[in-house]
Q: 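If you scroll down you'll find the structure; I have some questions about it.
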Amino acid sequence: MAHKNHPFHLVDVSPWPLTGALGTMTFVLGLTKWFHQLNFSMMILGKIIIILTMYQWWRDISREGAHQGLHSQKVITGLRWGMILFITSEVFFFLSFFWAFFHSSLSPNIEIGVMWPPIAIEAFNPFQIPLLNTIILLSSGISVTWAHHSLMENNYSQSFQSLLITVILGIYFSILQGYEYNESSFSISEGTYGSTFFMATGFHGLHVLIGTIFLLICLIRLSFNHFSKNHHFGFEAAAWYWHFVDVVWLFLYISIYWWGYN
């Protein structure tokens, strides 16, 4: 490695942004082809390119941080602020869905029967699967915090076990969410209630899947001893993201499931 007179990390030339963009474009074109022609071969190709890009890009970043020593304290501070700003942007992303929901629910117009939920919409009982999913996510928040504190105490066995529990709970949540969607009596095309419900809960479900993958990568990295007591921002970022997902779900449950049901 060349000697540097500064604490910053100037990244090397990488093909992964280009291959990621090509994979995303191929996936979206394949998605359109699937919608119109029921042919999903291009969509699968795009997904394969994206997965390979993700794997190799994460591999490079893991090498930089865990083996090459390029993530100095200055770099980690920049990464922290980057994650904070990213989560802030996600907060405003979900704020738009809550705005749309409350705009329609607090003053329902005559087209939906001047009532909320609208006529002919059978809303989900908040004390069934939604309550179970709430317990699951809150439990996963506890387990990921347990994993973080165990890591800071150099207790790698407990950190691995609690992080594995978190990943399992995240997968369990997604399975229950899919089951709930499958049993739904309404769809995304059924007016303002269907669109706001499925957009808000669907994008949250997507974030749960992303967070679960994030934590799974951290679990794999933990098994390879990539994290130490004082150097584990990759895991810390995943924990922040997971707590954000938890908080968004609490607002979703209280407003859309519980308040919207009454």
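Position 1 is the first residue of the sequence, and the numbers go up from there. Because the structure is a prediction, the values reported are computed rather than measured.
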Q: How many angstroms lie between OH in Tyr172 and OG in Ser139, if you round to the nearest 0.5 Å?
A: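 Spacing of OH (Tyr172) from OG (Ser139) equals 11.0 Å.
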Q: Check whether the ring centres of His232 and His226 lie less than 6.0 Å apart, and answer yes or no.
A: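 Not under 6.0 Å, so no.
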Q: Just so I know, are the side chains of Leu163 and Trp146 near enough to count as touching, which here means a heavy-atom distance under 4.5 Å?
A: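 A side-chain contact under 4.5 Å is absent here.
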Q: Quick check on the hydrophobic clustering: are Ile220 and Met54 connected, directly or via other members, by side-chain heavy-atom contacts under 4.5 Å?
A: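 No: no chain of side-chain contacts under 4.5 Å links Ile220 to Met54.
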Q: What's the verdict on side-chain contact (heavy atoms from CB on, under 4.5 Å) for Ile50 and Thr24, showing C-alpha distance, side-chain angles and the deciding distance?
A: CA-CA 7 Å; Ile50 291 170; Thr24 304; 4.2 Å; yes
Q: Quick one, Val248 and His207 - any side-chain contact, counting heavy atoms below 4.5 Å?
A: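 In short, these two side chains do not touch, never coming nearer than 4.5 Å.
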Q: Inspect the surroundings of CH2 in Trp240 and state if more than 12 heavy atoms from other residues, nucleotides or ligands are less than 6.0 Å away.
A: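 Atom CH2 in Trp240 is crowded, with more than 12 foreign heavy atoms closer than 6.0 Å.
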Q: So does Glu122 get a backbone contact from the side chain of Ser185, meaning a donor-acceptor N/O pair under 3.5 Å?
A: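 Confirmed, Ser185 side chain pairs with Glu122 backbone.
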Q: At their closest point, which heavy atom of Ile119 faces which heavy atom of Met115, and how far apart are they?
A: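 Ile119 and Met115 have their closest heavy atoms at CG1-SD, 3.3 Å.
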Q: Is it possible for you to say whether Leu252 and Leu95 belong to one hydrophobic cluster, with membership spreading through side-chain heavy-atom contacts below 4.5 Å?
A: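 In one cluster with Leu252: Leu95, no.
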Q: Mind checking whether Met43 and Val28 have side chains closer than 4.5 Å, heavy atoms only?
A: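 No. Closest side-chain heavy atoms not under 4.5 Å.
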Q: Would you find a donor on one side and an acceptor on the other, under 3.5 Å apart, between the side chain of Glu180 and the backbone of Leu176?
A: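 Between the backbone of Leu176 and the side chain of Glu180 there is no qualifying donor-acceptor contact (under 3.5 Å).
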Q: Does a donor on one side chain and an acceptor on the other come within less than 3.5 Å for Asn39 and Ser41?
A: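 Asn39 vs Ser41: donor-acceptor pair found between side chains.
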Q: Just how far is it from atom CD of Gln161 to atom CG of Asn155, taken to the nearest 0.5 Å?
A: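 The distance works out to 8.0 Å.
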Q: Please name the pair of heavy atoms, one in Phe186 and one in Gly194, separated by the smallest distance, quoted to 0.1 Å.
A: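 Answer, listing the atom of Phe186 first, then Gly194: CD1-CA, 4.1 Å.
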Q: Looking at every heavy atom in both Ser187 and Phe198, which two are closest together, and how far apart are they?
A: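 Scanning both residues, the minimum pair turns out to be C-CE1, 3.6 Å.
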Q: Counting N and O atoms only, with roles assigned by atom type, does the side chain of Ser184 sit under 3.5 Å from a partner on the main chain of Tyr181, one being a donor and the other an acceptor?
A: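 Not at all, since once roles are kept as given, no pair shorter than 3.5 Å links the two residues.
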Q: Between Thr26 (side chain only) and Leu22 (backbone N and O only), is there a donor and an acceptor less than 3.5 Å apart?
A: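 Yes, Thr26 side chain to Leu22 backbone: donor-acceptor pair under 3.5 Å.
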Q: Can you tell me how far CD of Glu153 sits from NZ of Lys229, rounded to the nearest 0.5 angstrom?
A: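 So the gap between those two atoms works out to 8.5 Å.
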Q: At what distance, to the nearest 0.5 angstrom, does CD1 of Ile135 lie from OH of Tyr253?
A: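 Spacing of CD1 (Ile135) from OH (Tyr253) equals 8.5 Å.
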Q: Does the ring center of Trp259 lie less than 6.0 Å from the ring center of Phe102?
A: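 Under 6.0 Å, so yes.
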Q: Please walk me through it: do Leu79 and Met83 pass side-chain contact (heavy atoms from CB on, under 4.5 Å)?
A: CA-CA 6 Å; Leu79 291 172; Met83 194 65 192; over 6 Å; no
Q: Any non-hydrogen side-chain atom of Phe124 less than 4.5 Å from a side-chain atom of Gln128?
A: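 No; the side chains remain at least 4.5 Å from each other.
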Q: Enter the distance from Thr212:OG1 to Tyr241:OH here, rounded to the nearest 0.5 Å.
A: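 Here the interatomic distance stands at 9.5 Å.
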Q: Are Ile51 and Ile61 linked, directly or through intermediate hydrophobic residues, by side-chain heavy-atom contacts shorter than 4.5 Å (ILVMFWY only)?
A: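 No, Ile61 does not connect to Ile51 through the hydrophobic network.
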Q: Find out whether Phe27 and Met42 are in side-chain contact, i.e. whether some heavy atom of one side chain is under 4.5 Å from a heavy atom of the other.
A: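 Result no, sub-4.5 Å side-chain heavy-atom pair not found.
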Q: Are there more than 12 heavy atoms of other residues, nucleotides or ligands under 6.0 Å from atom OH of Tyr179?
A: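 No - once you tally the heavy atoms of other residues, nucleotides and ligands closer than 6.0 Å, there are 12 at most.
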Q: Hey, what do you get for OG1 (Thr201) to CD1 (Ile188), rounding to the nearest 0.5 Å?
A: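 If I round to the nearest 0.5 Å, the distance is 8.5 Å.
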Q: Using the ring-ring contact (aromatic ring centres under 6.0 Å, His included) definition, which of the options Phe98, Tyr257, Phe97, Trp116 pairs with Phe197?
A: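 Single pass found, and it is Tyr257.
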Q: Less than 4.5 Å apart, side chain to side chain, heavy atoms only: is that true for Trp16 and Thr19?
A: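 Contact flag for Trp16/Thr19 side chains = yes.
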Q: Check step by step if side-chain hydrogen bond (donor to acceptor under 3.5 Å, both in side chains) holds for Thr192 and Ser104.
A: CA-CA 7 Å; Thr192 182; Ser104 301; 3.0 Å; yes
Q: So, Arg80 and Glu236, do they make that salt bridge, N to O below 4.0 Å?
A: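 Salt bridge present between Arg80 and Glu236.
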Q: Return yes if a side-chain donor-acceptor contact under 3.5 Å exists between Thr134 and Trp249, otherwise no.
A: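 A pair is found: one side chain offers a donor N or O, the other an acceptor, under 3.5 Å apart.
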Q: Give the cluster check for Leu164 versus Ile213: same hydrophobic cluster or not, with ILVMFWY residues linked at side-chain heavy-atom distances below 4.5 Å.
A: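 Not linked; separate clusters.
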Q: Provide the closest heavy-atom pair for Ser162 versus Ser143 in the form atom of the first, atom of the second, distance.
A: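 Distance-wise, the nearest heavy atoms are CB-O, 3.4 Å.
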Q: With a 4.5 Å cut-off on side-chain heavy atoms, are Leu250 and Leu138 touching?
A: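 Yes. Closest side-chain heavy atoms under 4.5 Å.
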Q: For the ring pair Phe101 and Tyr193, is the centre-to-centre distance below 6.0 Å?
A: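 No, the ring centres sit 6.0 Å or more apart.
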Q: Considering non-hydrogen atoms only, spot the tightest contact between Leu215 and Ala238 and give its length.
A: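 It is CD2-CB, 3.7 Å.
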Q: Answer yes if Ile136 and Leu219 sit in the same cluster of Ile, Leu, Val, Met, Phe, Trp and Tyr residues linked by side chain heavy atoms under 4.5 Å apart, and no otherwise.
A: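 Looking at the clustering, Leu219 is in the same group as Ile136.
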Q: Do Thr166 and Trp242 come close enough that some side-chain heavy atom pair is under 4.5 Å?
A: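 Answer yes - side chains close enough.
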Q: Step through it carefully: locate the ring centre of Phe227, locate the ring centre of Tyr156, and say whether they are under 6.0 Å apart.
A: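 Between Tyr156 and Phe227, which both carry aromatic rings, the centre distance is not below 6.0 Å.
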Q: Is the distance between the ring centroids of His204 and Phe173 under 6.0 Å?
A: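 Yes; Phe173 has its ring centre under 6.0 Å from that of His204.
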Q: Assess the residue pair Phe235 and Val144 against the criterion (side-chain contact (heavy atoms from CB on, under 4.5 Å)); give the C-alpha distance rounded to whole Å, side-chain angles, the decisive distance to 0.1 Å, and a yes or no.
A: CA-CA 10 Å; Phe235 170 75; Val144 78; 4.2 Å; yes
Q: Hey, is the main chain of Ser62 close enough, under 3.5 Å, to the side chain of Asp60 for a donor-acceptor pair?
A: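 Looks like no, no N/O pair under 3.5 Å.
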Q: Specify the closest pair of heavy atoms between Ser159 and Ser150, including all atoms of both residues, with the distance to one decimal.
A: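 Distance-wise, the nearest heavy atoms are N-CB, 3.6 Å.
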Q: Can you check side-chain contact (heavy atoms from CB on, under 4.5 Å) on Phe86 and Trp81, steps first, answer last?
A: CA-CA 8 Å; Phe86 169 69; Trp81 276 109; over 6 Å; no
